Structures are given as structure tokens and as C-alpha cells.
Q: 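My structure is below; once you've seen it, I'll send some questions.
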Amino acid sequence: MPQKPIVYDAPTPERRATTVEAIQAEILERLIYSVGKDPIVARPHDWLRATILAVRDRIMDRWMESSRETWRTSHKRVYYLSLEFLIGRLMRDAMSNVGLMEPVQQALKNLNVDLGDLINMEPDAALGNGGLGRLAACFLESMSSVGIPAYGYGIRYVHGLFRQEMSEGWQVELPEDWLAHGNPWEFERRESAYEVGFGGHVEPVTDPDGEVRQEWQPNEHLLAVAYDTPIVGWRGARVNTLRLWSAQPIDPILLDKFNSGDHIGALEESSKAEAITRVLYPADSTPAGQELRLRQEFFFSSASLQDIVRRHLQQYGDLGSLPDKVAIQLNDTHPAISVAELMRILIDEHGLKWDYAWKLTKGTFGYTNHTLLPEALESWPVALLERLLPRHMQIVYQINAEVLTEARTRVGFTDQQIAAVSLIDENGGRRVRMGQLAFVGSHSINGVSALHTELMKQTVFADLHKLYPERINNKTNGITPRRWLMQCNPSLTKLISERIGPDFLDDTDKLKGLLPSAEDPGFQQQFAAIKLENKRRLARLIKDRVNITVSPEALFDVQIKRIHEYKRQLLNVLHAVALYDDIRAHPEREWVPRVKIFAGKAAPSYWNAKLIIKLINDVARVINNDPAVRGLLKVVFLPNYNVSLAEIIVPGADLSEQISTAGMEASGTGNMKFMANGALTIGTMDGANVEMHKEVGADNIVIFGLSTEEVEERRGRSEVPRSVIDASPRLREVLDSIASGVFSPDDPHRYRDLVGGLYDHDWFMVARDFDAYCAAQAKVDAIWRDRSKWNAIAIRNTASVGFFSSDRTIRQYAADIWNVPTA
Ligand code: 26V
């Protein structure tokens with residue numbers, strides 16, 4: 001049946017009233033008719049569901065209008081392809097962005113329900129590991145806020161990042177179940193389903209006009225079904241779509257197989273299909289070598305590209321305008337196979353010539369790199385790609401041949417340089433380098449901080465940069481100020497509004513207006529009172545979760561992020577032990593009371609990271625229970641770190657630990673969240689810390705440690721770390737006590753190898769930076785003692801955070817990479 005063309009002429013009307021009465025009536029209506037519960041027996045989860053449905057209704061008209069507008073105006077669309085979206089809870093975000101917080105709160109109150117309780121009950125959508133996934137979530141919100149027609153494309157994992165529990169101080173991983181109560185935010189779109197193939201072979205076919213085409217005939221097929229979630233921009237500016245794919249068997253009950261008596265076979269096939277979108281890989285540093293991971297990557301890349309091309313053709317009818325109307329951003333290399341998939345679609349399915357297809361492909365893709373860690377740079381065995389994606393492998397070879405020819409003829413590369421830019425790594429088994437593929441298939445490649453961008457040019461992509469010097473650019477990360485200031489810290493937001501007016505809500509650069517207030521004692525008092533309130537709330541949470549009593553008057557020293565050796569939680573624990581020794585050795589001194597707070601997950605297979613968690617807990621147990629410490633030092637590890645926990649910890653932090661080995665943290669975004677909420681940063685000259693230092697000024701941040709160049713130089717030198725340790729009596733004492741089992745009497749050798757690593761190679765410069773770190777911490781103490789100075793610094797941090805809004809980052813992507821207008 002021919003489809004009737006859709007005419008998107010008129011704007012959608014607003015159909016839902018937002019008065020308290022209307023909302024109250026609808027929550028009840030939803031409870032009874034959608035959830036199917038009598039209000040007198042409704043459970044909190046039922047109220048949550050009913051409330052989300054009522055809120056969602058107030059977004060629908062804008063959502064549809066946003067989409068209609070793009071069809072009407074023919075504006076370019078941006079597609080953000082990411083294997084991770086760490087969006088956290090959605091209800092408060094949505095309500096706050098469309099200005100519904102107060103009426104919904106009142107409506108629920110009239111129904112005897114507390115909005116805060118419901119907010120805390122919503123499960124976190126934890127479809128990501130860490131920074132890369134959270135950045136994707138902040139970007140989606142900012143794209144809606146600055147008015148860019150955009151889609152996020154990813155995977156609807158049935159199980160997000162594992163739930164972390166502690167068993168005698170060890171991390172235990174448990175499955176996460178965010179969909180257990182259903183997900184009222186999502187819409188299943190069965191009509192938007194695509195077939196995705198794997199395996200099989202490639203066959204040359206001769207068209208009637210004599211042209212020979214390659215045709216991929218996969219021997220495995222499954223279905224990608226779309227689930228859409230609305231992403232509301234600030235003040236409801238736009239509502240964009242997060243489209244997550246779920247894998248299903250093409251024939252859900254495999255009736256033929258089942259009827260033929262092969263019941264088990266039918267079930268196996270069906271669960272094999274579903275396995276693809278069952279779990280998120282809980283790794284954020286080492287490529288999971290598993291075939292399943294590659295299947296996930298191709299599955300969501302292929303479904304997304306089919307969807308993008310379908311929509312484009314529906315609106316514009318030809319593929320030549322692809323780069324003018326479509327921008328696809330690859331969030332790291334996880335979707336890099338998209339480059340080959342788009343080429344396949346253009347050439348094999350739409351008959352375009354290679355050169356033309358290649359031009360369109362490069363014009364459409366942009367690639368963001370998020371890490372330089374060699375172990376995190378993805379590559380896949382050629383043999384695996386040949387088996388799973390034979391046609392894509394051919395395309396990769398052809399792309400490679402052209403790039404290498406260009407490198408030889410245009411720039412005269414040496415064999416060594418040729419090997420460096422080749423898409424095929426010939427060392428140790430032939431592998432396809434996904435970073436190289438993403439690079440050559442994109443017109444823009446960006447780093448996520450100024451330093452990281454420079455290092456990209458000097459290291460991983462040095463030779464590709466010589467070949468294509470105009471491609472690498474910097475887009476320093478940002479965070480959405482809606483979630484990370486306005487929603488997580490409403491009291492501070494109110495105080496700022498009273499002081500400088502509400503303009504900063506729409507333009508974070510306006511926060512600069514707070515600078516003159518930094519020296520105002522009255523304002524300092526108000527600022528500090530809010531911090532204290534947030535610390536009280538955090539102290540209650542600590543008591544609740546781990547039964548440790550901490551004083552809100554103490555300095556809250558916080559390190560929350562994935563546990564990784566390069567992030568150096570170990571350095572922080574060593575400082576805790578040093579302080580512990582000092583306090584006991586010098587009870588007569590006036591110590592600044594401190595609470596060291598840690599949270600973060602370790603990849604399940606990352607032994608040292610898990611051991612560091614155990615060490616934190618071992619050290620905590622000893623210090624927290626030693627009467628000689630007199631409560632002057634407490635160490636806390638909060639389990640199950642996630643977005644919602646961060647929203648409580650960040651506003652209650654005094655000190656933000658950003659202490660990675662210089663050159664190893666691509667950017668960091670936690671650092672920006674703390675800065676927004678008035679914490680002082682102790683950090684190395686790494687990632688975005690460098691730019692924070694510039695924005696806030698050297699007097700308002702505590703920087704220590706080796707620089708990137710010094711780290712490089714030390715690694716090159718055959719220096720024995722033992723001599724460094726021997727030269728620092730304090731460090732030796734700390735390491736001796738840990739290695740000899742002072743904190744692990746049940747297993748005295750538990751930390752012998754961990755400490756041994758510092759003596760042996762100290763790859764992460766923990767020993768080399770220890771003294772500088774302790775000196776920096778002493779400086780922090782000195783500032784804390786002068787509370788007025790501390791408060792002034794805290795205020796200056798909030799005032800200087802404007803640059804780190806993800807609205808700024810997204811505007812830069814829009815102008816320099818995507819070529820789309822912003823509001
Ligand atoms: C690699 C792999 C390899 C395969 C298994 C799953 C997996 C998952 C993630 C990664 C790469 C992680 C890269 C990452 O998260 N980078 C972080 O990106 C942040 C946003 O740009 C940045 O602020 C952090 O500094 C950077 O570590």
C-alpha cells in the first residue's frame with residue numbers, strides 16, 4: 001500500500017494543563033486507569049509510576065512539536081552514537097526542566113504523597129561505566145537545551161552497570177535490575193525495527209546494466225527494536241529522543257523449530273539473539289576481547305545507520321545531501337564500525353560509487369577520543385571480523401589501501417609511518433585498529449580537554465595527524481548545570497539567584513557576577529551555611545549506609561570515580577595512613593579534622609582495583625576504631641557509586657580529589673561538578689584540571705605533582721623507585737606498615753604485591769608524587785584554618801565554573817564539527 005505523505009505543517013498544540021488541580025486529577029486518573037490501582041491500596045511504586053505518566057504527558061506535545069519542527073524547517077539533525085548513556089534518574093530532571101516541580105509537589109501533597117520519597121525511589125538508568133557515559137547524558141540534555149535536533153542512539157541493556165556490595169571490605173558484583181518495575185519513560189516502537197545480520201559470505205552480483213556489486217548474505221539475522229525516551233531541554237526548549245535498541249529474534253517463537261520438536265534449540269536461538277543487549281560490559285579501561293562485545297557494537301551501529309538513512313531518504317529523497325543534513329558523532333571507537341556500515345549501505349544497497357560514498361561518509365562522521373591508555377584502544381582480530389562481518393572487512397581493506405596510497409604518494413611516508421597509520425596492526429596477530437578507522441572515516445577528530453588533544457597529536461594519532469593536519473581539534477568537556485547545580489543543590493541555586501539574579505540559570509558565564517561577593521563576610525556565611533546543610537545530609541547518608549558517624553564540621557575530602565590505578569585512589573589512602581601516623585605521633589598538635597570519603601566501582605576483572613577497595617576498607621576499619629585518633633580522621637567507603645549518589649555527595653564536599661598521574665586522565669568531569677558546588681580542588685596538571693586552574697586562578701586551586709613531561713621523562717629514565725622511597729621517611733613508614741599487615745592482620749601479606757609494585761616500577765608515580773601530595777594537603781589544611789579564606793575560594797570556584805557548562809561544549813561541537821545553528 002503506498003504511504004500517504006505526511007504533512008508537518010501546523011505546530012502541535014499544548015493539550016495538558018499544568019495547574020495543581022489538573023495534575024492532581026491526572027495522577028489519580030493514571031493511578032486508577034493506567035496502573036490499575038485503587039488509591040487506598042496503592043504502594044509507593046504505584047504512585048511513582050502514576051506521577052511519571054502524568055509528567056510524561058506534559059512533555060508529549062513538546063516532543064511531537066520538536067520533531068515536526070525539524071521536518072518543517074529541514075534543519076540538520078545530529079546523531080550521537082554511544083554504547084553508554086549514564087542518565088541516572090529522569091523524573092526530577094524532566095519536571096525541573098519544564099517547570100513542574102512545584103505544582104507536582106503540591107498535587108502529590110494533596111494526595112498525601114511526598115514527592116521527595118518518589119524521586120528517591122526511581123531507579124537509576126545506569127547504562128554506562130563512568131565519564132564517557134555520563135558525558136553522553138549531559139550532552140543529550142544540552143543538545144535539547146540549546147535547540148539542536150538530536151538523537152542519542154545506544155543499547156537498551158536489560159542489566160546496567162552491576163550493583164556493588166561489600167563483603168568484608170571486598171567488592172561483590174550483583175546484577176542490576178533497573179527494569180524490574182517496568183520503565184514508564186520508554187515507548188517501544190515495534191514499527192521501527194531493523195534486521196541486523198552477522199556471518200555468512202559476500203557474493204558478487206551482476207546488475208542488469210552490467211555493473212558488478214558485492215552482496216553480503218549473512219547467515220544469522222536478528223531484529224533491532226527501538227525504545228524511545230524523551231530528553232527534555234532546559235525550560236522545555238526542545239524535547240529530543242534517546243533511541244535505544246533491543247535485540248530480538250526475527251521469529252520470536254521460532255515456530256517451525258518448536259513444532260518440529262526442537263524445543264531447546266528454539267529457545268537457545270531466541271536467547272542467543274536476546275543476549276546481545278542483555279548486559280553492559282562492566283569495563284572502562286581494557287577492551288573486552290569477547291565476540292559478544294563486537295556483536296553489540298555492530299548491532300547498534302547497523303540499526304542506527306539504517307534508521308538514519310531511512311529517515312533521511314524519507315525527507316530528502318537522495319543521499320547526496322547526507323553531510324548537509326546529517327551529522328553523526330562517534331562517542332569513542334565503540335561505534336567505529338559504523339564507518340564501514342555506512343559505506344556498505346551507500347555502495348551495496350544504494351549503488352553509489354566508492355569515491356562519492358567515501359566523500360559523503362567523511363562529511364557525515366565526527367569522532368571523539370576519550371582515552372590514550374594503550375590498553376583501552378580497541379582493536380579486533382582480522383579473523384573475527386572476517387567471520388562475523390565479511391563485507392565490512394573487505395571495505396576496511398579497501399579504505400586502508402587508499403589511505404596508505406595517499407600516505408605514500410602525497411606525503412611520502414616511510415614504512416614505519418605507514419605501519420603507524422595502517423588500519424591493520426600487523427604486530428602480534430593481525431588486528432583492525434578501530435581508532436584508525438574512526439579517524440580516517442571522519443572529517444573531525446576531537447580530544448576532550450586541551451591537554452588531551454595535544455597529547456593525541458603527539459602520541460596515538462601522531463602520524464595520522466601529519467597526514468590530515470586539519471582534523472584534530474579540542475572540545476573540552478562540560479557538565480549540565482541543570483542536574484549538577486540547580487537540581488542537586490537547590491539551596492545554593494537560590495542563594496546565587498538572590499545575589500546576582502536569575503540570569504545565570506540560562507547562561508552560566510553570568511556566575512562570574514558572584515566574584516565580588518567572594519570577599520563579603522555576610523555572603524561567605526550564607527554560602528558556608530548551605531555547604532554545612534549539605535554536609536549534614538551527607539553525614540546522615542553515611543550513617544545510614546555504612547554506620548559510620550562523621551562530624552559535619554570536619555573537612556570533607558572526597559574522591560568518587562571509577563577505581564583505577566591511574567586515578568590514584570592509592571595515593572589518597574597512603575595520605576590517610578600518613579595522617580594517621582602523624583596524629584598518633586603528635587597528639588599535642590592542632591589537627592584539622594578530616595573525613596576522607598571514597599566511592600567507585602572496580603571492573604570485576606581488575607584485581608589491583610579491587611584490592612585498593614579492600615585496602616580503603618581495611619584502613620578505614622583501623623583508623624575509625626582507634627581511640628588515639630579521637631575522631632580527627634575518618635575514612636569512609638560508600639558502596640554502589642552511581643549518578644544519584646554523586647548528586648548527594650558532590651554538594652557536600654569541601655575538597656575534590658583530582659589526582660591522576662599527569663597525562664592519563666583525558667579530561668575528567670567530576671572535577672567540574674565539584675567546582676560548581678563550591679569545593680576546592682586538589683589536583684595534578686592533568687586533563688581539564690589544567691583549564692580549571694586557568695579559569696579559577698592559581699590561588700584558588702591546589703596543584704601538585706609531576707607534569708606530563710616529567711612523568712614521561714621519569715618513565716624513560718631507568719630510575720629505581722626504591723631510591724625515591726628511601727629518600728622519604730614518611731612514605732617508607734606508610735608503605736612498611738601496609739606491607740607488614742598493620743591493616744590486614746588476618747592476612748598480613750595481602751598488600752605485599754601492591755606495595756611491591758611501587759618499589760618495582762611505580763608506573764603511576766604514586767611514590768614519586770607522594771611528598772608533593774602531602775605538602776599540598778598541608779596547604780589545604782592551612783587554608784581550612786582560615787575559614788574566611790576558604791569560603792572565598794569556594795565561592796570563586798562556583799563563580800568560575802561557567803566555561804565548564806556542557807552547553808558551551810555543545811555549542812562548540814555545533815559550530816565547528818556539526819555545522820548546525822544553536823539558539
Ligand atoms: C573502553 C572500553 C573497552 C571495551 C570494554 C568497555 C569499554 C568501556 C569504555 C572504554 C573507554 C573508557 C573511556 C572513558 O570513559 N574515558 C573517560 O571519558 C571522560 C569523558 O570524556 C573523560 O572525562 C575521562 O577523563 C575519561 O577517562
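Since we're looking at a predicted model, the values are computed, not measured. As a basis for the values below, the full set of heavy atoms in this structure was taken, side chains included, without hydrogen atoms, waters or symmetry mates.
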Q: State whether K789 and D699 are salt-bridged, where the test is any N-O pair (Lys NZ or Arg NE/NH1/NH2 against Asp/Glu carboxylate O) under 4.0 Å.
A: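 No, K789 and D699 are not salt-bridged.
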
Q: Compute both the distance and the angle, then confirm whether R808 meets the cation-pi test with F803: under 6.0 Å from the six-membered ring centre, within 45 degrees of the axis.
A: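 The answer is yes; both the distance and angle limits are met.
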
Q: State whether a side-chain donor-acceptor pair under 3.5 Å links S660 with D686.
A: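 D686 and S660 do have a side-chain donor-acceptor pair below 3.5 Å.
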
Q: Is the distance between the ring centroids of F704 and Y773 under 6.0 Å?
A: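 Yes, ring centres under 6.0 Å apart.
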
Q: May I ask you to check if R787 and W784 form a cation-pi contact, with NZ or CZ under 6.0 angstrom from the six-membered ring centre and within 45° of the axis?
A: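 Because its charged atom sits under 6.0 Å from the ring centre and within 45° of the axis, R787 does stack over W784.
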
Q: Is there a donor-acceptor pair under 3.5 Å between the side chain of D618 and the backbone N or O of I616?
A: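 Such a contact is absent between D618 side chain and I616 backbone.
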
Q: Show, in sequence, the C-alpha distance, side-chain angles and deciding distance for F504 and L514, and conclude whether the side chain to side chain contact (heavy atoms under 4.5 Å, CB included) test is met.
A: CA-CA 10 Å; F504 75 97; L514 271 183; over 6 Å; no

Q: Using only heavy-atom distances, determine whether the side chains of N677 and K673 contain a donor-acceptor pair under 3.5 Å.
A: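 Not at all, the side chains of N677 and K673 share no donor-acceptor pair under 3.5 Å.
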
Q: Hey, mind stepping through I597 and F637 against side chain to side chain contact (heavy atoms under 4.5 Å, CB included) and telling me if it holds?
A: CA-CA 6 Å; I597 299 166; F637 185 92; over 6 Å; no

Q: Please confirm whether the backbone N or O of L485 pairs with a side-chain atom of N489, one donor and one acceptor, at under 3.5 Å?
A: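 Not at all, since once roles are kept as given, no pair shorter than 3.5 Å links the two residues.
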
Q: Would you tell me whether K543 and T549 have side-chain atoms, one donor and one acceptor, within less than 3.5 Å of each other?
A: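 Judged by distance alone, the side chains do pair up.
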
Q: Is the backbone of N791 close enough, under 3.5 Å, to the side chain of Q524 for a donor and an acceptor to pair up by distance?
A: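 No, Q524 side chain to N791 backbone: no donor-acceptor pair under 3.5 Å.
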
Q: Just by distance, do the side chain of N534 and the backbone of G652 share a donor-acceptor pair under 3.5 Å?
A: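 No: the side chain of N534 does not pair with the backbone of G652.
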
Q: Compute the ring centroids of H564 and Y606, then answer whether they are less than 6.0 Å apart.
A: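 Yes: the rings meet the under 6.0 Å criterion.
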
Q: Would a distance-only check, ignoring hydrogens and angles, find a side-chain to backbone donor-acceptor pair under 3.5 Å from S737 to V734?
A: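 Judged by distance alone, yes, a pair lies under 3.5 Å.
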
Q: State whether Y641 and K601 meet the cation-pi test: NZ (Lys) or CZ (Arg) under 6.0 Å from the six-membered ring centroid, and within 45° of the perpendicular axis.
A: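 Pair K601/Y641 does not count as cation-pi.
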
Q: Has the side chain of R134 got a donor or acceptor atom that lies under 3.5 Å from a matching backbone atom of V643?
A: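 Not at all, since once roles are kept as given, no pair shorter than 3.5 Å links the two residues.
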
Q: Do R785 and V592 come close enough that some side-chain heavy atom pair is under 4.5 Å?
A: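 When only atoms from C-beta onward are counted, V592 and R785 do touch, with a gap below 4.5 Å.
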
Q: Between N689 and Q658, is any side-chain donor less than 3.5 angstrom from a side-chain acceptor?
A: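 Per modelled atom types, N689 and Q658 side chains form no pair under 3.5 Å.
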
Q: Does R768 use its side chain to pair, donor to acceptor, with the backbone of D762 at less than 3.5 Å?
A: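 Here the side-chain-to-backbone pair exists.
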
Q: Is there side-chain contact between F674 and V558, with at least one heavy-atom pair below 4.5 Å?
A: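 Side chain of F674 against side chain of V558, heavy atoms only: contact under 4.5 Å found.
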
Q: Inspect the contact between E141 and R482 and indicate whether a charged nitrogen and a carboxylate oxygen are less than 4.0 angstrom apart.
A: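 Salt bridge between R482 and E141, a charged N being under 4.0 Å from a carboxylate O: yes.
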
Q: Does any part of the side chain of L655, heavy atoms only, come nearer than 4.5 Å to the side chain of V702, both counted from C-beta?
A: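 When only atoms from C-beta onward are counted, L655 and V702 do not touch, as no gap falls below 4.5 Å.
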
Q: State yes or no: are the ring centers of W170 and W607 separated by less than 6.0 Å?
A: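 Yes, the ring centres sit under 6.0 Å apart.
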
Q: When you compare the side chain of R594 with that of L632, does any pair of heavy atoms fall below 4.5 Å?
A: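 Heavy-atom side-chain distance check fails, nothing below 4.5 Å.
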
Q: For the pair S723 (side chain) and V720 (backbone), establish whether a donor and an acceptor sit closer than 3.5 Å, ignoring hydrogens and angles.
A: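 Yes; judged by distance alone, with no hydrogens or angles, the pair exists.
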
Q: Any side-chain donor-acceptor pair under 3.5 Å between E657 and Q777?
A: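 Indeed, the side chains of E657 and Q777 share at least one donor-acceptor pair under 3.5 Å.
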
Q: Is it true that the side chains of E165 and N640 contain a donor and an acceptor less than 3.5 Å apart?
A: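 On atom types as modelled, these side chains do not qualify, holding no pair under 3.5 Å.
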
Q: Got a donor-acceptor contact below 3.5 angstrom from the K634 side chain to the V595 backbone?
A: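 No.
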
Q: Side chain of T809, backbone of T476: donor and acceptor closer than 3.5 Å?
A: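 Yes.
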
Q: Report yes or no: is the cationic atom of R584 (NZ for Lys, CZ for Arg) closer than 6.0 Å to the six-membered ring centre of Y580, at no more than 45° off its axis?
A: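 Yes, a cation-pi geometry.
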
